[in-house]
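What you are looking at is a predicted structure, and each value in this text was computed from that prediction instead of being measured.
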Amino acid sequence: MEQRTWVSILTIGVGFGVVATVALILAGAHERGVIALATPLVFGYTAATIHRPRDRPQGAFRRPVARVLNWVLVGLATATIAYDVAPVVRDGLDGAHPAVLLVTIMTVVLQLAVVVMAHESLRRL
């Protein structure tokens, strides 16, 4: 996949991240909304970094910062998965409401998508 296509995919990720952040904050999950804000910020910074030519002077600073931010995002997404799955594992699948299971599965899938996108961004930086 060429670089412009990946920048477009990251830009779409920024849009989804902003919508998720606003939805969480409006739903009353303020701390989760602040955590979710990391995704669009990192994806936006990474898209801007990949879009710039490598020979520009800013690239020497931006690329290492983007790498660190993407690694932090991978850790944050992994921690979010563990945080969301812990109550289901602790209480067991028998005691969990089907809606809770559905939301947990959806959250895990979305966070895995964030991990995959951050990993692919690391490969491209």
- Quick one: which of Leu112, Ile105, Leu110 gives a side-chain contact (heavy atoms from CB on, under 4.5 Å) with Val108? Leu112
- Co-membership, hydrophobic cluster, residues Val42 and Val65, 4.5 Å side-chain: yes
- Query: So how far is it from His30 NE2 to Thr21 OG1, rounded to the nearest 0.5 Å?
  - Reply: 13.0 Å
- Message: Can a donor-acceptor pair be found, under 3.5 Å and without considering hydrogens, that links the side chain of Arg67 to the backbone of Leu125?
- Response: yes
- Message: More than 12 heavy atoms of other residues, nucleotides or ligands under 6.0 Å from CZ of Phe16: yes or no?
- Response: no
- Task: Say whether Val7 and Val116 are linked into one hydrophobic cluster, either directly or through other cluster members, by side-chain heavy-atom distances under 4.5 angstrom.
- Result: no
- Message: Please give me the minimum heavy-atom distance between Leu76 and Ala38, naming the atom from each residue.
- Response: CD2-CB, 3.7 Å
- Leu73/Phe43 under side-chain contact (heavy atoms from CB on, under 4.5 Å): CA gap, chis, key distance, verdict: CA-CA 9 Å; Leu73 187 61; Phe43 283 173; 3.6 Å; yes
- Item | Exercise: identify the closest heavy-atom pair between Ala118 and Val74 | CB-CG2, 3.7 Å
- Note on the structure: In this structure, CD1 of Ile25 is separated from CD of Glu31 (nearest 0.5 Å) by 10.5 Å
- Task: Decide yes or no on side-chain contact (heavy atoms from CB on, under 4.5 Å) for Trp6 and Arg123, but give the supporting numbers first.
- Result: CA-CA 11 Å; Trp6 188 248; Arg123 194 178 68 78; over 6 Å; no
- Nearest-0.5 Å distance that lies between atom OG1 in Thr49 and atom CZ in Arg124: 14.5 Å
- Query: With hydrophobic residues grouped by side-chain heavy-atom distances under 4.5 Å, do Ile81 and Met117 end up in a single group?
  - Reply: no
- Interatomic distance, CD1@Ile9 vs OG@Ser121, rounded to 0.5 Å, equals 9.5 Å
- Item | Verify same cluster id: Leu10, Val18 (apolar side-chain graph, 4.5 Å) | yes
- Message: The test is side-chain contact (heavy atoms from CB on, under 4.5 Å); show your working for Thr80 and Arg32 and say whether it passes.
- Response: CA-CA 9 Å; Thr80 302; Arg32 295 300 296 262; 3.2 Å; yes
- Between Phe61 and Leu69, is there a shared hydrophobic cluster once you connect ILVMFWY residues whose side-chain heavy atoms come closer than 4.5 Å? yes
- Separation between CD1 of Ile35 and OH of Tyr83, rounded to the nearest 0.5 Å: 8.0 Å
- Note on the structure: What one should report as the nearest heavy-atom pair of Gly17 and Pro40 is C-CG, 3.7 Å
- Message: Within this structure, what is the OG-CD distance for the pair Ser8 and Gln3, rounded to the nearest 0.5 Å?
- Response: 11.0 Å
